[in-house]
Colleague: 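Sharing a structure below in structure tokens format, with a few things to ask.
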Amino acid sequence: MAGMMFTSCHSSEKNYREAYEKAVERRKTGISAETYAKIEAERQRYTHVINGDSVRMVYVNATVAIDSTDQASDYNVVVATFSQRINAKSYRDRLREECGYKGSYVLFGGKDKQYYVVLQGFDNSGDAAALLRGIDQKVCLKILEPLPWILKKI
């Protein structure tokens with residue numbers, strides 16, 4: 001009986017997935033499927049051509065969010081966004097420990113006040129665009145952004 005109580009209290013991945021899907025549906029409430037699709041397409045639209053590659057680059061007023069020792073670059077390859085600091089920190093830590101991206105960091109800002117997990121930062125857009133090429137094979141974790149993109153810090 002006691003063993004059953006302990007196992008029934010644990011959250012499972014399935015529970016998290018269901019809660020996430022409900023939250024997404026609530027966010028879509030009042031928006032037609034066509035309008036939502038247009039919003040998502042615009043959010044993922046390629047905006048720049050750098051060295052022959054089409055990339056999505058967004059200009060964001062953001063600052064380093066977690067460790068004051070981290071230094072943010074001008075061009076930041078974003079692989080995940082979160083609304084909660086703890087989730088961003090956890091993902092950043094996994095990139096550092098499991099994938100070897102010791103220079104990963106988290107930025108905070110933008111009009112939506114989001115935490116942006118940066119795989120790596122660069123001083124020029126060409127290097128950032130080069131990292132985006134074949135990024136799925138370069139990162140050992142699932143990339144949480146539908147399309148990784150470049151955050152140009154303003």
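Residue numbers run from 1 in the order of the sequence given. Everything numeric in this text was worked out from a predicted model, so none of it was measured.
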Colleague: Once rounded to the nearest 0.5 Å, what's the spacing between atom OH of Tyr75 and atom CD of Gln120?
Modeller: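 Reported to 0.5 Å precision, the distance equals 15.5 Å.
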Colleague: For the pair Ser54 (side chain) and Val49 (backbone), establish whether a donor and an acceptor sit closer than 3.5 Å, ignoring hydrogens and angles.
Modeller: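 No: the side chain of Ser54 does not pair with the backbone of Val49.
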Colleague: Would you give the length of the straight line joining atom NZ of Lys142 to atom CG of Asp136, rounded to the nearest 0.5 angstrom?
Modeller: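 If I round to the nearest 0.5 Å, the distance is 10.5 Å.
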Colleague: Around atom CD1 of Ile154, are there more than 12 heavy atoms from other residues, nucleotides or ligands closer than 6.0 Å?
Modeller: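 More than 12 heavy atoms, drawn from other residues, nucleotides or ligands, come within 6.0 Å of this atom.
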Colleague: Of all heavy-atom pairs between Gly121 and Ser73, which one has the smallest distance, and what is that distance?
Modeller: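 Shortest heavy-atom contact: C-OG, 3.4 Å.
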Colleague: Any sub-3.5 Å donor-acceptor pair from Arg85's side-chain atoms to Phe108's backbone N or O?
Modeller: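 Checking the backbone N and O of Phe108 against the side chain of Arg85, no donor-acceptor pair under 3.5 Å is found.
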Colleague: Write down the atom of Val139, the atom of Tyr101, and the distance for their closest heavy-atom approach.
Modeller: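 Shortest heavy-atom contact: CG2-CE1, 4.2 Å.
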Colleague: Measuring from Tyr91:OH to Leu119:CG, what's the distance to the nearest 0.5 Å?
Modeller: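 Answer rounded to 0.5 Å: 8.0 Å.
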Colleague: CG/Leu95 to CG/Leu141 distance, rounded to the nearest 0.5 angstrom?
Modeller: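 Leu95 CG to Leu141 CG: 5.0 Å, rounded to 0.5 Å.
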Colleague: Picking from Asp67, Asp70, Asn76, what satisfies side chain to side chain donor-acceptor pair (under 3.5 Å) with Tyr105?
Modeller: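 Of Asp67, Asp70, Asn76, side chain to side chain donor-acceptor pair (under 3.5 Å) with Tyr105 is met by Asn76 alone.
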Colleague: Taking all non-hydrogen atoms of both residues, which atom of Lys153 and which atom of Ala72 are closest, and how far apart?
Modeller: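 In this case the closest contact between Lys153 and Ala72 is CE-CB, 3.7 Å.
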Colleague: Looking at every non-hydrogen atom in both residues, tell me the closest pair between Val79 and Ile135 and how far apart they are.
Modeller: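 Shortest heavy-atom separation between Val79 and Ile135 comes out as CG1-CD1, 4.0 Å.
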Colleague: First locate atom CG of Asn87, then atom CG of Leu144, and finally report the distance between them rounded to the nearest 0.5 Å.
Modeller: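 Between atom CG of Asn87 and atom CG of Leu144 there are 10.0 Å.
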Colleague: Considering all heavy atoms of both residues, which atom of Ala88 and which atom of Tyr115 are nearest to each other, and what is their separation?
Modeller: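 Smallest heavy-atom distance, with atoms named: CB-CB, 3.6 Å.
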Colleague: Go through Lys89 and Val106 one step at a time and tell me if the side chain to side chain contact (heavy atoms under 4.5 Å, CB included) criterion holds.
Modeller: CA-CA 7 Å; Lys89 182 181 182 308; Val106 177; 5.5 Å; no
Colleague: If you compare all heavy atoms of Ser125 against all heavy atoms of Ile150, which two are closest, and at what distance to 0.1 Å?
Modeller: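 Shortest heavy-atom separation between Ser125 and Ile150 comes out as O-CD1, 4.4 Å.
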Colleague: Name the orientation class of the two ring planes belonging to Tyr116 and Trp149 (parallel below 30°, tilted from 30 to 60°, perpendicular beyond 60°).
Modeller: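 Ring orientation, 0 to 90° scale: perpendicular.
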Colleague: In Å and rounded to the nearest 0.5 Å, what is the CD to CZ distance from Glu97 to Arg92?
Modeller: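 Spacing of CD (Glu97) from CZ (Arg92) equals 9.0 Å.
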Colleague: Indicate yes or no: at least one non-hydrogen side-chain atom of Met57 is less than 4.5 angstrom from one of Ile50.
Modeller: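 In contact.
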Colleague: Testing Val77, Leu107, Thr81 for side-chain contact (heavy atoms from CB on, under 4.5 Å) with Leu151, which one passes?
Modeller: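 The side-chain contact (heavy atoms from CB on, under 4.5 Å) with Leu151 is passed solely by Leu107 among Val77, Leu107, Thr81.
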